[in-house]
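Encoded as structure tokens, the structure appears first; notes follow it.
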Amino acid sequence: MTTVAQIRPSSVFLVSGGAKGITAKCAIRLAQQYSCKFILLGRSEILETEPDFAQDCFDEATLKKRIMEYLLSLGEKPTPMSLQKVYNQISSSREIKETLAAIQKAGGQAEYISVDVTDVSALNQKLATAVERIGQITGIIHGAGNLADKLIEKKTEQDFEKVYTAKVQGLENLLTCIKPSQLEHLVLFSSVTGFYGNIGQSDYAIANEILNKSAHLIKQKYPQCHVVAINWGGWDSGMVTPELKKEFARRGIDIIPVEAGTQMLVREMHLANHNTTQVVIGSPMTPPAATIEPELRSYRIRRKLALAANPFLQDHVIAGNPVLPATCAVSWMSDVCEKLYPGYKAFSSTDFRIFKGITFNETLANEYILDLQETSKNIDTHEVNFLCKISSKTPEGKTIYHFSTQVKLLRDIPPAPTYENLNLVEDNIITTTGKDFYQTGESALFHGSTFQQLRRVINISPDKITVECFWQEIDKTKQGQFPAYWINGFTTDLSTHSLWIWLYHYHQEICLPGQQERYEQFAKTPYNKPFYVSCEIKSKTQTGVVADFFVHDQQGTIYSQLLGGKGIIFPAKLMQPKS
């Protein structure tokens, strides 16, 4: 049985980058909570005695004026760089002293060591001396880091080394000097940049993602240790200038208040979160929208599909074989288009056609090809249109087409319209509810648990059916190669179940999707909460049925609408699951 350690007054934390900035604020907050001990590491030196000209001078402009006068008195010619260097020495020393005093005042104990975490020899030597005075280290908080933000084509090898080594080599050196087996806590200060990516920070993203993966590996090897990589967003600190705050606000990125952030650290280090190895605190680093170039481009993406990689397919079995839902083909094509233009979303998919579905049996191809052809662009309206086709080749080299559609990307999605024919008055004609709609008889929907989320029929008539649905988000591993992003193939499939129920109720027939004229999305379909589907039947023949589907909330605000969806009528016996 694993013993879980609580933070105690005798706990000793080694904190890299811990004497200044946000990491220092976190150390102070931990001292207030637990009255524990700290060994703070940083590259700055503490000035035992400040120069006379700096005594009792705390205004930046005044202090810099005095520094300039001091340099002139030495016969030196002040430069902005030399002036800033002296100012940084004084201000850094002051901040370190303030951190040590704040920890002491909070009931904790702290020592400061001036050392570069990338110098393992110096680190090892200085830590040994500190441990003799303050006690054996029981935890590490790795907050050291450097920035060298530039577009990748402008980065130098030195830029990369500066950023990478502080994070990655720094962690390796800390764990070289302190045996991981003696640690009760290991906290890695990572970043949402590593989780989401960010323009100009490729090196920083790499370094932080290595910290994330390291946390999982260390946790596997030392399960008794409370290991967590915290992917922080931007803090409301000196590094976030007023101009940067405005840019973050424009991109919808929240800033973490210092008081709230430090409290979140305390919460994540509580023993209740012992098994949480990675956490994101802060908004996604949404990049600025991509720039549209006038040239029309084409793309070809190759992809291998496997049943084992897509567990959800076991819940979409037709005539005994797992089959890719047509709605997942739409989300596949739309998602790839979006990735080509960051900041844009797929607003519509028109003229979607199924030529030959993808069945996961002996007919599964070695690879599938997604061809994307830009058909038009509008720089003024921020619009890009694609023709998308999914195909494969037979062993003999013959091309087989599976799906096609036209996808429209927009930077700014139009406001959601209101469904004008909203009717949520219950008529109690169909009283079946929940999972009883599925796999319980000839009329039942064939879908397995992933898709069994139609809760109830609210009302039904010869030309319309209204249902309530609830999609409980499934694990990303189960979503496999078709994860739910902006367009969710799982909820779109779920919304079409209403037509099956209508068709069987009035005609004792069932159907599968054949094609659709137009799909438009205004907002993400909600997870883990009810949503509603109003399905309006437009026509019915012996071989097919056409309907419009409106997915909306209780007030009628539309999340998405699928217009001209055609269902191909099949004999019911083909859809029954194998016993």
Side-chain angles (χ1 to χ4, degrees), residues 4-42 44 46 91-113 117 130 134-135 137-145 167 170-171 174 178 183-192 208 211 215 225-240 254-274 276-283:
V4 180
Q6 173 65 288
I7 301 175
R8 309 170 302 279
S10 59
S11 298
V12 179
F13 285 96
L14 177 62
V15 189
S16 66
K20 297 192 300 180
I22 292 304
T23 316
K25 300 293 186 187
C26 290
I28 293 168
R29 186 68 186 82
L30 283 171
Q32 291 170 344
Q33 183 78 18
Y34 297 109
S35 301
C36 46
K37 303 176 184 180
F38 301 89
I39 300 173
L40 308 179
L41 307 180
S44 301
I46 292 183
S91 61
S92 293
S93 178
R94 287 176 174 177
E95 187 175 356
I96 294 167
K97 290 177 180 178
E98 288 170 0
T99 299
L100 294 171
I103 291 174
Q104 193 80 23
K105 183 179 178 181
Q109 181 182 343
E111 284 199 16
Y112 175 72
I113 298 176
V117 292
I134 203 166
I137 293 167
T138 62
I140 292 176
I141 300 174
H142 183 35
K167 290 277 185 183
L171 174 61
L174 291 171
I178 309 300
L183 293 176
E184 297 173 353
H185 298 85
L186 175 61
V187 182
L188 307 179
F189 276 23
S190 184
S191 169
V192 292
N208 282 294
L211 292 192
C225 184
H226 185 153
V227 183
V228 60
I230 302 178
N231 293 235
W232 294 110
W235 286 72
D236 191 1
S237 65
M239 292 182 68
V240 181
D254 295 327
I255 304 297
I256 302 171
V258 172
E259 182 64 28
T262 56
Q263 184 56 45
M264 288 175 184
L265 171 72
V266 171
R267 183 190 66 195
E268 291 305 325
M269 293 180 69
H270 191 274
L271 56 83
N273 296 311
H274 185 270
T276 302
T277 310
Q278 184 177 352
V279 64
V280 177
I281 299 178
S283 302

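For the single chain, residues carry numbers from 1 onward in sequence order.
For the pair Ile281 and Trp235, the minimum side-chain heavy-atom distance is 4.5 Å or more. Put simply, the side chain of Val187 does not reach to within 4.5 Å of the side chain of Phe13, judged on heavy atoms. Side-chain atoms of Ile28 and Ile103, non-hydrogen and from C-beta on, do get closer than 4.5 Å to each other. In this structure the side chain of Ile140 reaches within 4.5 angstrom of the side chain of Ile178, judged on heavy atoms. In this structure, Ile141 and Cys26 have side chains that are not in contact, with every pair of non-hydrogen atoms separated by 4.5 Å or more. Within the 4.5 Å cutoff, the side chain of Asn231 has no heavy atoms near those of the Ser191 side chain.
Note that the CG atom of Leu271 and the NE2 atom of His185 stand 7.5 Å from one another [nearest 0.5 Å]. For the atom pair CD1 (Ile7) and CE (Met269), the distance works out to 4.0 Å, reported to the nearest 0.5 Å. Once rounded to the nearest 0.5 Å, the distance linking CG of Leu14 with OG1 of Thr138 reads 10.0 Å.
Of the possible donor and acceptor atoms, none in the side chain of Ser190 sits under 3.5 Å from a partner among the backbone N and O of Leu211. In this structure, the side chain of His226 engages the main chain of Glu268 through a donor-acceptor pair within 3.5 Å. The backbone N or O of Gly108 lies less than 3.5 Å from no partner atom in the side chain of Ser35, so there is not a single donor-acceptor pair. Between the side chain of Asn208 and the backbone N or O of Val192, no donor-acceptor pair lies under 3.5 Å.
In this structure, Gly17 and Thr23 approach most closely via the heavy-atom pair O-CB, 3.1 Å. Across all their heavy atoms, His142 and Lys167 have their closest contact at NE2-O, 2.8 Å. The two residues Gly261 and Ile256 come nearest to each other via the heavy atoms CA-CG2, 3.6 Å. Nearest heavy atoms, Cys36 versus Ser11: CB-O, 3.5 Å.
Partners of Ala24 by side-chain contact (heavy atoms from CB on, under 4.5 Å), not counting sequence neighbours, listed by chain and number: Thr99. Taking Ala106 as the reference, Ala31, Gln32 meet the side-chain contact (heavy atoms from CB on, under 4.5 Å) condition, with sequence neighbours excluded. With sequence neighbours excluded, no residue forms a side chain to side chain donor-acceptor pair (under 3.5 Å) with Gln109.
Annotation: salt bridge (charged side-chain N to carboxylate O under 4.0 Å, His left out) contacts involving residues 8-30, sequence neighbours excluded, comprise Arg8-Glu184. Applying the salt bridge (charged side-chain N to carboxylate O under 4.0 Å, His left out) definition to pairs two or more places apart or across chains, those involving residues 91-110 are Glu50-Arg94.
Ring planes of Phe189 and Trp232: perpendicular class, angle over 60° (limits at 30 and 60°).
Checking Leu100, Val15, Leu41 one by one against Tyr112, the side-chain contact (heavy atoms from CB on, under 4.5 Å) holds for a single residue, Leu100.
Residue Glu259 qualifies as open at atom CD: its count of foreign heavy atoms under 6.0 Å is 12 or below.
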